[in-house]
Structures are given as structure tokens and as C-alpha cells.
Amino acid sequence: MLNILILSNNLSFIIKIVNTLSIKNKKYRIYNISRSIKEVSKIIQVYKDNVNLIITDISNEKISILIEQELLNIPIIIINEKYTNKEIKKNKIFIFNSAKEFFYNLDDTVIEIIKFSKSNIKVLYRIYKYLLKFGYCFSHLGTKYLAHTIYLIFYQNHNIFKLEREIYPIIAKKYNTSIHNIKCDITLATRYMNSIMNAEKDKIIEKYCIEGNINTKTVINYILKELNKNYINEWK
């Protein structure tokens, strides 16, 4: 059973989607109908595991708000004839120009969504695997924050040089702490990593000709390169 949340303040759109899903079999269930991104954000924070898919007629201008609200952890189907962007597979956004097109492609899209759910778990697993190679300690809060930082950069294409402006505020909000604490905890985790002798880390240092201690951005860049290699190979 796929639990679907509809985001729209257009009654005609809502009725079309409800009717479309009712024609399909019992694989799909409407979990909630929301009229604003703010309302959706509250639902996701409390019932995130209960929502598998968001269907919306959101406009181009509002897509950035969805990203800021970090709702891209959940696949989104946008049905809007004015939407000019192509399908953004890496960010789990699927674009359809009409309810009719959505109806005929829903089952295939759901298969893609399931792939993304599995891919999502794989990415988090790989991030922690690479952090372990460097010698990060998983009991450090900073290691968890760093893993989340890499995950956001990979899926949402944030700028690595704007961590404090773009990434840390999202993580701080998620974990109910300050940007300063996020930065300090990640720095402490990296400092501890540099104090640990590690054969795998020595190979990375030799490969990239790193002199002295490894900084956080070097770690992020290395892991992003490895993730992108895996991503390209899996989606060829």
C-alpha cells in the first residue's frame, strides 16, 4: 500500500487526483490532503514514515520552498502543464503535464519511486561506510551531522562552499540545535578522525597527495566523488 499526500489548494485538481487513484487498484491510498507547504511540513515532521509520495500542482516558484523544507526525502509527483523543468530523477521529482499523462504513467513511476527508496538507503549506508574508512567515530554527534551534510549536498545539489549558509541551517532545524553547534561538532569529529591511525585513510591520503591533517571539505569532496561514480554506474 502506497500512502499518498496531496498538496494543492485547487479543488478541481484534488478531485481529479482522487478520481484517478480510485480507478486504480488498492495499491494506492490517500493519506492526507493539504492546502499549503507549511501544513505538509508539519505532517511530515510527525508522520514522515507514513507518507510515501506527495502529489501536487505546485508552481515553479514554490519548488525551492519544498527543498528548503527538506521534503525531497519523499518522492514528489508534480502535475502542472506550465512546469518547464525536465524530470529531475536525482531529486526524486517526477513531472507530468496533465492528470491524463499521470494516470497512464503512475504504475511505472511507482516502480521508479521504489527504486529511489532503496537507493536512498544505499546512499546513507555508503556515506557511513566512507566515513568509517576515514576513521570517524560513529558515537560523535558531528559524524551524524557530517553524514547528513553529505546526503543533502548529493541529493539537493547544494554548494559545498556555502555549508553555513545552505546546509547547516537545515540540519540545525532538524536536530533542534544551532548552526554554531553543527559546525563545532563536525569540526570536533574531524579532529578526532585525524588523531586515529587508519590504513584505509592512509591510502586516500596517498592517492590525493594530502599533506598534514585532512579537513572536512576534503572528506566531503572525496565521498561525493565516490557516490557520483556509484550513481552513474547504477543508472546507466
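Just so you know, these numbers use all the heavy atoms, side chains as well, and skip hydrogens, waters and symmetry mates. All residue numbers refer to positions in the sequence shown, counting from 1.
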Do the side chains of [Y] and [X] get nearer than 4.5 Å, heavy atoms only?
{"X": "Arg191", "Y": "Leu188", "result": "yes"}
{"X": "Val40", "Y": "Thr56", "result": "no"}
{"X": "Asp185", "Y": "Thr177", "result": "no"}
{"X": "Val18", "Y": "Ile6", "result": "yes"}
{"X": "Thr149", "Y": "Tyr168", "result": "yes"}
{"X": "Leu152", "Y": "Ile171", "result": "yes"}
{"X": "Tyr145", "Y": "Asn181", "result": "no"}

Carefully, step by step, assess Leu146 and Ile220 under the rule side-chain contact (heavy atoms from CB on, under 4.5 Å).
CA-CA 8 Å; Leu146 180 56; Ile220 294 173; 3.8 Å; yes

Are Leu124 and Ile167 linked, directly or through other ILVMFWY residues, by side chains that come within less than 4.5 angstrom of each other?
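Yes, same cluster.
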
Between Arg126 and Glu226, does at least one N-O distance fall below 4.0 Å, as a salt bridge requires?
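Looking at Arg126 and Glu226, the cut-off is not met.
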
Hey, what do you get for [atom1] ([X]) to [atom2] ([Y]), rounding to the nearest 0.5 Å?
{"X": "Tyr222", "Y": "Ile150", "atom1": "OH", "atom2": "CD1", "result": "11.5 Å"}
{"X": "Ile4", "Y": "Ile54", "atom1": "CD1", "atom2": "CD1", "result": "11.0 Å"}
{"X": "Cys137", "Y": "Leu131", "atom1": "SG", "atom2": "CG", "result": "11.5 Å"}
{"X": "Ile79", "Y": "Asn10", "atom1": "CD1", "atom2": "CG", "result": "11.5 Å"}
{"X": "Lys225", "Y": "Asn221", "atom1": "NZ", "atom2": "CG", "result": "6.0 Å"}
{"X": "Tyr136", "Y": "Thr190", "atom1": "OH", "atom2": "OG1", "result": "3.0 Å"}

Does any N or O in the side chain of Asn9 come within less than 3.5 Å of the main-chain N or O of Arg35, such that one atom is a donor and the other an acceptor?
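Side chain of Asn9 to backbone of Arg35: no pair is present.
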
Please report the shortest heavy-atom distance between [X] and [Y], naming the atom on each side.
{"X": "Met193", "Y": "Val219", "value": "CE-CG2, 4.0 Å"}
{"X": "Ser178", "Y": "Ala172", "value": "C-CB, 3.8 Å"}
{"X": "Leu163", "Y": "Pro169", "value": "O-CD, 4.0 Å"}

For Asn32 and Ser34, what are the C-alpha separation, side-chain angles and deciding distance, and is it a side chain to side chain donor-acceptor pair (under 3.5 Å)?
CA-CA 6 Å; Asn32 190 282; Ser34 302; 2.9 Å; yes

Parallel, tilted or perpendicular: which describes the rings of Tyr128 and Phe138, with under 30° parallel and over 60° perpendicular?
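Perpendicular.
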
Ring geometry between Tyr192 and His140 (parallel below 30°, tilted from 30 to 60°, perpendicular above 60°):
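Taking Tyr192 first and then His140, their aromatic rings sit tilted (interplane angle of 30° to 60°).
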
Let me know which of Ile17, Leu7, Ile14 forms a side-chain contact (heavy atoms from CB on, under 4.5 Å) with Ile55.
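Among the candidates, only Ile17 passes.
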
Take atom NZ in Lys16; do more than 12 heavy atoms of anything else shown fall under 6.0 Å from it?
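At most 12 heavy atoms, drawn from other residues, nucleotides or ligands, come within 6.0 Å of this atom.
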
Using only heavy-atom distances, determine whether the side chains of Asn215 and Thr218 contain a donor-acceptor pair under 3.5 Å.
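Yes, Thr218 and Asn215 have a side-chain donor paired with an acceptor closer than 3.5 Å.
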
